[in-house]
Amino acid sequence: MTFAWFANFAALLVMPIVLMGVIGRVKSLWSGRKGPPILQLAFDLQRLARKRPTYSTTTTLLFRVAPHLFLVTALCSGAIAPLLGSRPIASFPFDFVWFAYVWAFGRVAVMLAALDVGSSFEGMGAAREAVFSSILEPALFLVMGALSFLGGHRTLHEISTLHLQAGAPPAVWVLAVASLLIVLQVETSRMPVDDPSTHLELTMVHEVMVLDHSGPDLAAIQFGSATKFFVGSSIIATLLNPWAGSPGWLSGAVNLILCVVIAALLGTVESLVARLKLRAVPQYIAVALACGGVALLATIWRTGASR
Amino acid sequence: MTVVFLLSVPVLLLGAALTLALRSNLARAMAALASQATATTLVLVSLLPTLRGDAALEVVWPWPSPIHSIAFRVDALGAFFLAWSLPMTFLGTLYAVGYLRPYFHRGRNGGSHFALLNLVCLSFVLIYSVQNSLVFLLGWEIAAVAAWLLVIWDYGNQKIRFAGFNYLVSTHIGLFVLVAAFMLLHSETHSMDFASFGQFLSRPSPLRGTIFLLLGVSFALKSAFFPFHTWLPRAHSAAPAHVSALMSGVIHKAGLFAFLRFTLLMGKPEEWMGWSVLSFGLLSAFFGILYTTTQRDLKRLLGYSSTENVGIAAIGFGVGYLGWAWGVPSLAICGFAGGLLHLLNHAFFKCLLFYAAGSVYRATHIIDIERLGGLAKRMPLSATLFLIGALAIAALPPLNGFVSEFLVYSALLSGSAPTGQANILLIAFAAVLAFVGAVSALSMTRAFGLTFLGSPRDAKVDVSEEAPASMWAPMVLHALGAVALGLVPQLALGAISPTLKLFSLGHDLSGVQAAVAPLALANPLLAGALASSAGLAWYLGRRAKRSATWGCGYTATSPRMQYTGSSFSEQFVRLFEAFLPSVRRERLPDEAFPRHASHLGTHHFDAVERRMFEMLGQAEDLIAHASERIPEQSRFAFAAGLLALVIIGALVLGGAGP
Amino acid sequence: MGLLGVMVVPLFVATWRGSLFGLSCQGLLIAWAAYRLNPDVHVIGTWLNLADLVLVRGIGAPLLLYRLMRSRNHTARHDIIPPNLLSWTVALGLVLAAFNLSSVLVPIDGDQRALTSVAAAAVLLAFLVLASQSTPFGQVVGALRLENGIALFELGGEHDHQSLVTQVGQLVIVVATIGLYLWLLEGFSERGNFPPEPTQDEPTL
Amino acid sequence: MSPSDLILVPLLASLAVLLGAGRERAAVVLVGASFITTTLAIVEVSGVPPQTAVFAGLVRVDATSRLFLVVVNPIFFGISTYIWHRVRTTPALREGISRLVWLALVFLASTNALLVANHLLALWVLLELTALTVTPLIVRPRSEASRRAAFRYLLFSTVGLGLVALGFACLGRGMEGAGLTPTFMVDRLLELRPLPINAWGKLGLALVLLGLGTKLGLAPMYSWLPETYDEAPPAVAALLGAVQFNAALVVLFRVVQIYRVSSPGLVTGQLLAMGLVSMVVSTVSIIATRNIKRLIAYASINHAGVIAIGLGVGGSATYGLLLYVLSNAFIKAILFLTAGKIMAHYKTNDTRVISGLIKELPYSGVFLMVGTIALLGFPPFGSFLGELLILSALVGSGRMLTFAAFCTLITMTFVATGRTVFPMIWGPSKEKHDWPRQTLPSALPKLTFLVVLVVLGIYIPPALNVLLQQVAQSLEGR
């Protein structure tokens, strides 16, 4: 048992960096460049960790503490996610509620830090982040509720190891994956919602919130968002992984590969699609809501018939 | 043991009399505090066995007609409510001593204020223990009148008087609805006691539904559920901080207590009752939190969030009702546990938030978010305590708000409803509750961020000293309560388990304990991790460089360029335009060199309240018009008399009349 | 039928002297009717009743009112009820209703029914007068007509059960009422609207 | 210690004042006489209830008369101390005082006589006497409007009581028609119950109720009440509102005691109709009025309406009704005396001008607040309990529509009164006044009334409780 526990912990530390590298590499391949090495994020984190942070005069202690709180919440959410398709580090009934609210805690911490700086850019980012996440939460709960009602399980990892042969109508499963993909894109502010590589503050959402962070704080935030990306994609990977739930290394390996495939998929989406207008993002999130809702209704069609 | 309990009534009355009689304000405060402390200890000592779950405290007092006899019966439910209401009122009075000191320096006589606080305590003892409906109404009205007189503390300002009067009228209407329900029951059972009401209500009869609705409406009005909440925000922004804290944290919980008391009396409810309570709660939560995003006044914002939290508690009770109706004990226990725990948690963090808002008002004499900012540096203690309260009310994990919402979620998502459609509906409700949770995070970040963080937005605002000891002591106690209930959920569950046994139809509480056990591990771990990383960050950042905020190259950044309350929630409000109407007053400059000053202002009003005032205004014009037509000269009176005579003649003529 | 005539006729009179004359006729006629109904003179009660009817209502009140009005040199024109067709039809309707009512109250025909109907008509007409008067004098006339109507009503039915005390009391009351009316009427200022009320500067109790 | 002393003492005192014995110290005589009568009344009531019949059976002391003796006399004593204090502080009032004193004493004598009278026509005569003795009091020297109000009061009173006399005559004829020897002795009538009812009886009963309704300020002919209460000096208004109202009420109680059993439908129907209409009219007028004394007048019409409804419904409402009547009497006494004090200082009765009472006249401010709260039927006072019992009887007897109308009307009155009175108490004081601080003794009568009100609300002493039960049963016709 402890081997699985260590494997999970190792994946939690390594995979975020790898995934970020894969996205960077895919985006550069699409634009014809060789692109930075896969472990580029590790080198950045090393560089930032050595730097001495500079803080604005208007900030309080909260500003210094918030990035690290964000990192801790990202790691804690990883503890209960099925990183390798099978048993996570820890799990208890209705832990996806805890998962959602821990992510919310991280988000609140970063938003408060943004407001603490007292400049209009950070305030703008915090406001946008707050609005998008508030419309997004119901989608996550709709999907999780539908899957838990379908499988009858209560914990996050059992929910996502829903296999086709369990008689689940394919519609619920497809809609759940689509909705979770959108949730992933909004939470980790990937392309259709937010362009991480832009340098015009007015258009950013997540990046502008962390504008004033420097040194180890910036490292913490970057690693934190990378971890959130890996945790989110691991849930989707477990849904896609046919061997999910079975003990042994096979399900873990397939899961990691699927995460890399998801990262590559998102990288291609980022290179092909331009950023949505800010007013259009709520409609995009509404798509996720709709998928979640239909998934929930679809469960009745099946259970209504059999139970 | 019952004599000890009933001794608290004369003690409180004596305290009230003393506060009116003594000369100096300090002596009056001490008298009030002493009497409340003794009364609280008396009550808690006498209720210890009941709190631990043994038999209820019973005594019957003979009383002259028309009340005939007053039966006191404090069961676990009453004991639970008394156990935290009385100490919190004591803390409120302690806070009042510090908060009202500037008024006392100006020679204001605080005697009546402290006497009224004692009366509020007395009304709790009456409401939570009495079984006779007449005396219950007496206690109910004493709480309403005392709260009204407390709200209009600085009555010089007309707005405050109007807010107080608005509150009094709403509670008075609530009283009439309650009287209607009681009198219907009295006409059926010919007695005034709750016990006989219970026997009648537990038997299925057509009247049961109407009485449930009447009781529901009146308790909804007392606890400010959605359509009836209009008095709450006005009263809270007008009242002194400790009065609004007591009102929204403790006094309006009496409505929910009475709701639970009649739930117990009613026995097995019908399914439609469960669905109505659930949807009523959801409506309150949804609209309550939507309105918090647009408020400029910090105390109005907290008022609306009281409506939201009461809604969440009602969702828990609604699920509990459904569990009873469907005969699924685990669902019932989980639902009622979530609701009861949320009441307790809300009392803790809501009072904390109001006390912090009070210390902000006391220091800056402004409560408008748009003009505050950067207070954390001048008032670090109030800022941290407000932050703890804000995190708790947004139900973020390590603190107590999350524990009770987690129980409500586990009830909603347990999927133990008999039919598929019911489960789907419950999961949809859980999704809406998630939306409410996220928006409360948004509005609390907005409230805390704009008031305490960043730099001061209005230069003219001078921040005087931090709150004195008598103010931050209650705040620290409430914060400790919130953190303790969060980190050690079994403590919270232990507090409500005797009450829960009443609702558990005899089944043991293992299901709820199992649901809460993992939190007992997860929360402390998360809190430990957060604390250690915070310590690490503090250590790392000690010798950091200091410079100006990144202004994207623009050097002359001014505090006015910061994000304000309305800009922070502007995108959200545009998204929910339908629910949050706003009025826009503008006079834009019309020529190149405008001669007169132009202005632009948007104001978000409470749609329900505005519609209500419109209707009242029309009604009043109608009546005023009608009253002009009633002439005063005697001629018309005699004409009416003649008409009456003719009618009587006709009656006799027709031989009508038995 | 004579009685009915006396009740109805003064309605159409236009001068206040005429109305006072009508009042005294009423008083005397009721006294005559009372004497006719129970002529035994030995009982003091009947004496009291007759004295009240003749002295107070027949002569006393009209005379005093006449003296008061003359001292005020009031314009002659004073209508008991507004001289338009509507009020006359209403008056007629009321008389018919009174007759109808008394037919129900006193099933057997005869003197009693006639008396009751006239009394009922008198009361209803008095109310009509009151309902159409706005000047104090007019209202006093209306009130006195009502008193006469009630006195007529009490004549009906064979009764002599009243104890002496109450009869004396009633007499005292009638006299006192009329006296008070006169005392108040004297106090009123002349025609025209009243002087603007001084704002309560007079210290009142 | 027979009840006749209650009548003789005030009569003798008024004769003394009339003959000029105590012309200067008339006010002191007033207070002395009322004090003696009050003690006599209390002694009389607490003593063993002898059913003495004096003056050829014209005097009979039963539960109702004992209850109202204990209510009316203390209130009269309170008002007379108020008058004595006013006369002592403002010498200008001295010249009309002796006339007021002997008239007030005759008023008290006739009221006490009325309470113990046993003959319906005697009741009528005494009620007429009280009305006549009060009329000259309403006239304020050199004030045309008050003279006009007095005239109007007299006019309506004579018309109302004329109707009552007419009604009694018809009832007499009704008994003749039914073959009984017509009698107006209350006790004999009580024994003859249930009286056979025929056309005469119904007509008579309806007329009596209409007449007494006018006297109480109920529906059709009530418009004399606002103007009289407004123009009369506050002490006289208190006399009218608290004492004379109860006297008329006793007559109504006697009639209801006798005739409810024989024709309950008519009694209930007419009283309910008159009650509801007067409540509607008074609520509408309260919303429009801007004058503090008219406001109290309309409020008393409202209370009369509530009493009529309570009496009409019967059943368990009767006990509540009595509680309401008692507390109503004391409330009106407090409010009128306070209004008097306020008007004496502010020189106006416009509610918009008077404000900042709590600061400038603390005692009057507190009394006005407490009086209004009691007026609106808030808990610690008797009116709350009374109203509650009336409401429960309304619901019990299945009259839900009346119950709903009752609640809405009371709430509208509450909103309208509160909206006018509370700014007066807590509003900013318009201009600076420096009036002498109000001393405690001047507020003593009102304070005692207040204490009685609270006692009625919370703990009714057993003795009073028994009395109330007896009166309630008698009203029920048992």
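Here the structure is a predicted model, which means the values were calculated and not measured. Numbered from 1 within each chain, the chains take letters A, B, ... in sequence-line order.
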Peer 1: Taking the six-membered ring for Trp and the single ring otherwise, decide whether the centroids of B:F72 and B:Y128 are under 6.0 Å apart.
Peer 2: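 Centroid distance B:F72-B:Y128: not below 6.0 Å, so no.
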
Peer 1: Is it true that the side chains of D:Y298 and D:N291 contain a donor and an acceptor less than 3.5 Å apart?
Peer 2: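 Distance-only check fails for D:Y298 and D:N291.
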
Peer 1: Please state whether the side chain, the backbone, both or neither of D:P461 comes within less than 4.5 Å of a heavy atom of chain B.
Peer 2: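 D:P461 has no heavy atom closer than 4.5 Å to chain B.
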
Peer 1: Tell me which of these, B:L175, B:V177, B:I623, has more heavy-atom pairs under 4.5 Å with chain D than the rest.
Peer 2: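 Between B:L175, B:V177, B:I623, the count favours B:I623.
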
Peer 1: With a 4.5 angstrom heavy-atom cut-off, which part of B:L643 approaches chain D: side chain, backbone, both or neither?
Peer 2: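 Neither part.
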
Peer 1: Under 4.5 Å from any heavy atom of chain D, what part of B:A180 do you find: side chain, backbone, both or neither?
Peer 2: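 Contact with chain D: backbone and side chain both.
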
Peer 1: Please confirm whether D:F156 and B:F638 have ring centers closer than 6.0 angstrom.
Peer 2: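 Yes, the ring centres sit under 6.0 Å apart.
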
Peer 1: Report yes if some heavy atom in the side chain of D:R352 is under 4.5 Å from a heavy atom in the side chain of D:T420; otherwise report no.
Peer 2: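 The answer is no, as the side chains (C-beta and beyond) never meet within the 4.5 Å cut-off.
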
Peer 1: Could you check whether the rings of B:F104 and B:W153 sit parallel, tilted or perpendicular, using 30° and 60° as the cut-offs?
Peer 2: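 Ring orientation, 0 to 90° scale: perpendicular.
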
Peer 1: Answer with side chain, backbone, both or neither: which region of D:I358 has an atom nearer than 4.5 Å to a non-hydrogen atom of chain B?
Peer 2: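 D:I358 touches chain B through side-chain heavy atoms alone.
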
Peer 1: Quick one: what part of D:M412 sits under 4.5 Å from any heavy atom of chain B, side chain, backbone, both or neither?
Peer 2: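 Just its side chain gets close to chain B.
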
Peer 1: Any cation-pi pair here, D:K215 with D:W224, using under 6.0 Å and within 45°?
Peer 2: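 Ring-cation test returns yes.
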
Peer 1: Relative to chain B, which segment of D:L388 carries a heavy atom at a distance below 4.5 Å: side chain, backbone, both, or neither?
Peer 2: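 When you check distances to chain B, atoms from both the backbone and side chain of D:L388 fall under 4.5 Å.
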
Peer 1: Between D:Y459 and chain B, which part of the residue has a heavy atom less than 4.5 Å away: side chain, backbone, both or neither?
Peer 2: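 Contact with chain B involves both backbone and side-chain atoms of D:Y459.
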
Peer 1: I'd like to verify something: which residue of D:I458, D:T289, D:L468, D:N198 has the highest number of heavy-atom pairs under 4.5 Å with chain B?
Peer 2: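 Highest number of pairs under 4.5 Å: D:I458.
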
Peer 1: Please confirm whether the ring centroid of D:W426 lies under 6.0 Å from the ring centroid of B:W148.
Peer 2: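 Yes - the distance between ring centres of D:W426 and B:W148 falls below the 6.0 Å cut-off.
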
Peer 1: What option among D:L207, D:T408, D:V415 has the most heavy-atom pairs under 4.5 Å with chain B?
Peer 2: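 So the answer, after comparing D:L207, D:T408, D:V415, is D:V415.
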
Peer 1: Check D:E227 with D:R148, please: is the shortest side-chain N to carboxylate O separation under 4.0 Å?
Peer 2: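 No.
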
Peer 1: Below 4.5 Å from any heavy atom of chain D, which atoms of B:V169 appear? Answer side chain, backbone, both or neither.
Peer 2: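 Both backbone and side chain of B:V169 come within 4.5 Å of chain D.
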
Peer 1: Checking heavy atoms, do the side chain of D:L210, its backbone, both or neither come under 4.5 Å from chain B?
Peer 2: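 Contact with chain B involves the side chain of D:L210 alone.
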
Peer 1: Does the plane of the ring in B:F176 sit parallel, tilted or perpendicular to the ring in B:H172? Use 30° and 60° as the thresholds.
Peer 2: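 Rings of B:F176 and B:H172: perpendicular, over 60°.
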
Peer 1: B:I160 versus chain D, heavy atoms under 4.5 Å apart: side chain, backbone, both or neither?
Peer 2: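 Contact with chain D involves no heavy atom of B:I160 at all.
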
Peer 1: Output the option from B:W140, B:F162, B:F165, B:F636 having the highest count of non-hydrogen pairs under 4.5 Å with chain D.
Peer 2: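 Of the options given, most contacts go to B:F165.
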
Peer 1: Do you know which of B:L168, B:L184, B:I173 has the most heavy-atom pairs under 4.5 Å to chain D?
Peer 2: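 That would be B:L168.
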
Peer 1: Any Lys/Arg nitrogen of B:E620 or D:R419 sitting under 4.0 Å from an Asp/Glu carboxylate oxygen of the other?
Peer 2: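 A salt bridge is present here (some side-chain N lies under 4.0 Å from a carboxylate O).
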
Peer 1: Can you tell me if D:S285 and D:R294 form a side-chain donor-acceptor pair at under 3.5 Å?
Peer 2: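 Note: D:S285 and D:R294 side chains miss the donor-acceptor criterion.
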
Peer 1: Determine whether B:F182 and B:F194 satisfy the following criterion, ring-ring contact (aromatic ring centres under 6.0 Å, His included), listing intermediate values before the conclusion.
Peer 2: CA-CA 9 Å; B:F182 279 171; B:F194 285 167; 5.8 Å; yes

Peer 1: As an exercise: rank B:I152, B:I142, B:V135 by heavy-atom pairs under 4.5 Å with chain D and give me the winner.
Peer 2: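 The residue among B:I152, B:I142, B:V135 with the greatest pair count is B:I152.
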
Peer 1: With a 4.5 angstrom heavy-atom cut-off, is it the side chain or the backbone of D:I425 that approaches chain B, or both, or neither?
Peer 2: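 For D:I425, there is no contact with chain B at all, as no heavy atom is under 4.5 Å.
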
Peer 1: Please look at D:F414 and chain B and tell me whether the side chain, the backbone, both or neither of the residue comes under 4.5 angstrom of a heavy atom of that chain.
Peer 2: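 For D:F414, backbone and side chain are both near chain B.
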
Peer 1: Using heavy-atom distances under 4.5 Å, tell me whether D:L394 contacts chain B through its side chain, its backbone, both, or neither.
Peer 2: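 Neither part, no heavy atoms under 4.5 Å.
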
Peer 1: When heavy-atom pairs shorter than 4.5 Å are enumerated against chain B, which of D:T214, D:T283, D:I287 gives the highest number?
Peer 2: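 The candidate making the most pairs under 4.5 Å is D:I287.
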
